[in-house]
Amino acid sequence: MCKGLAALPATCLKSAKDMKHRLGFLLQKSDSCDYSSSQGKKEKISSSQRLSQEEVRKWADSLENLIHHDRGLAAFRAFLKSEYSEENIEFWVSCEEYKKTKSPSKLSPKARKIYDEFISVQATKEVNLDSCTREKTSHNMLEPTLSCFDEAQRKIFTLMEKDSYRRFLKSPYYLDLVTPPGAGCGPENCKRNHTHTLDCNSNIISQCA
């Protein structure tokens, strides 16, 4: 012990040691509380992000139920991306967002952006529209309104509903989610699990959570 500390009364040294011990205890308690609080938040988040079987089954009732659910939309988008046809759902989503435009001055630039991206002859993500609908939508660009893409959006919705939506319901992107964990492994389930695992698809869904 150094001379400075040796010169102090024994009672002072004891008090200093007691104080150090108490501070150490309080710091440990604080860290423990912070950890518990952090764990509690993680558990709440995890709980809130769980996807119930009932929710997933509703996706099979209609395409509307599927794409109006955040995680359903994410799963369907991932499926369409695997088929290289994600432009359809991207167009539909863009139209939905466009209809929420409140400022009249923003209608024209937003409409032009959607048109150039999905409908024009040189569109980078051209959607499959018949010539009549395409021509009518082009005419609507002269004076854009909130409803100028309605017909084109309906056509793309119908196209997805009759085509890609039906394939989605038969794909691992949906089947691995609607099959309850531990439901057994029949030949069909095993085959699906070799293609896509439940964990893989859960990660896709969690990106929109």
Side-chain angles (χ1 to χ4, degrees), residues 51 55-178 188 191-192 195-196 200-209:
L51 194 60
E55 286 178 301
V56 178
R57 289 192 186 97
K58 286 181 180 178
W59 298 352
D61 292 340
S62 67
L63 175 59
E64 192 169 347
N65 282 353
L66 173 66
I67 59 181
H68 279 94
H69 189 289
D70 287 344
R71 298 187 197 176
L73 177 60
F76 190 52
R77 191 194 295 265
F79 169 73
L80 291 179
K81 191 171 184 179
S82 73
E83 292 198 333
Y84 303 98
S85 60
E86 67 268 28
E87 70 276 358
N88 290 327
I89 193 62
E90 288 181 12
F91 172 67
W92 185 89
V93 170
S94 295
C95 290
E96 287 295 289
E97 293 175 350
Y98 173 77
K99 288 186 286 188
K100 297 176 184 177
T101 304
K102 295 181 179 180
S103 174
S105 62
K106 293 181 179 180
L107 284 178
S108 184
K110 282 188 175 183
R112 177 53 58 181
K113 182 179 179 181
I114 293 174
Y115 180 82
D116 290 343
E117 188 173 7
F118 298 103
I119 299 176
S120 74
V121 178
Q122 298 178 340
T124 55
K125 300 177 182 179
E126 185 178 359
V127 292
N128 187 15
L129 291 172
D130 59 88
S131 58
C132 183
T133 303
R134 194 180 299 273
E135 185 177 346
K136 183 176 180 179
T137 305
S138 298
H139 180 74
N140 291 341
M141 289 299 98
L142 298 174
E143 293 184 13
T145 63
L146 289 177
S147 60
C148 65
F149 293 111
D150 282 2
E151 186 171 343
Q153 186 184 19
R154 279 195 298 270
K155 289 293 178 69
I156 294 303
F157 180 90
T158 301
L159 179 65
M160 292 191 294
E161 187 176 38
K162 292 181 177 179
D163 186 24
S164 51
Y165 171 60
R166 293 180 181 180
R167 291 198 304 277
F168 168 78
L169 295 178
K170 297 177 182 179
S171 76
Y173 286 86
Y174 177 72
L175 295 177
D176 284 349
L177 288 170
V178 79
E188 187 178 353
K191 185 177 180 180
R192 289 204 306 269
T195 309
H196 288 277
C200 174
N201 284 296
S202 295
N203 287 334
I204 294 172
I205 304 303
S206 65
Q207 292 174 4
C208 205

Side chain to side chain donor-acceptor pair (under 3.5 Å) between Y115 and S138, worked out: CA-CA 8 Å; Y115 180 82; S138 298; 2.7 Å; yes

Check: S147 side chain, D150 main-chain N or O, donor-acceptor pair, under 3.5 Å: no

Main-chain N/O of L159 paired to Y165 side chain as donor or acceptor, under 3.5 Å: no

E90 bridged to K81 by N-O distance under 4.0 Å: no

Value rounded to 0.5 Å, distance of CD1 in I114 from OG1 in T137: 11.0 Å

Separation between CD1 of I67 and CZ of R77, rounded to the nearest 0.5 Å: 10.5 Å

Minimum heavy-atom distance E87-F118, with the two atoms named: O-CE2, 3.7 Å

Side chains of L73 and V93 in contact at under 4.5 Å (non-hydrogen atoms): yes

For the student: nearest non-hydrogen atoms of V127 and I156, plus distance: CB-CD1, 3.7 Å

Least distance between heavy atoms, F76 atom then M160 atom: CE2-SD, 3.9 Å

E135 atom CD, over 12 foreign heavy atoms within 6.0 Å: no

Heavy-atom donor-acceptor pair, R134 side chain to I119 backbone, under 3.5 Å: yes

Separation of D130 CG from K155 NZ (nearest 0.5 Å): 4.0 Å

Distance, nearest 0.5 Å, that separates OG of S85 from CG of D163: 8.0 Å

Set of residues satisfying ring-ring contact (aromatic ring centres under 6.0 Å, His included) with respect to F79, sequence neighbours excluded: F168, Y173

pair Q153-K99: side-chain heavy atoms closer than 4.5 Å: yes

Considering all heavy atoms, the nearest P144-L107 contact: O-CD1, 4.0 Å

Euclidean distance, E55 CD relative to H69 NE2, rounded to 0.5 Å: 4.0 Å

Lys/Arg N to Asp/Glu carboxylate O, R167 vs E83, below 4.0 Å: yes

With Y98 via ring-ring contact (aromatic ring centres under 6.0 Å, His included) - residues at least two apart: F149

SG-CD distance between C95 and E151, expressed to the nearest 0.5 angstrom: 12.0 Å

Side-chain (N65) to main-chain (W59) donor-acceptor, under 3.5 angstrom: no

Minimum side-chain heavy-atom gap Y174-V56 below 4.5 Å: yes

Validation row: T101, L146 side chains within 4.5 angstrom (heavy atoms): yes

K162 versus R166, closest heavy-atom pair with distance: O-CD, 3.4 Å

Minimal non-hydrogen separation, A111 against M141, with atom names: O-SD, 3.8 Å

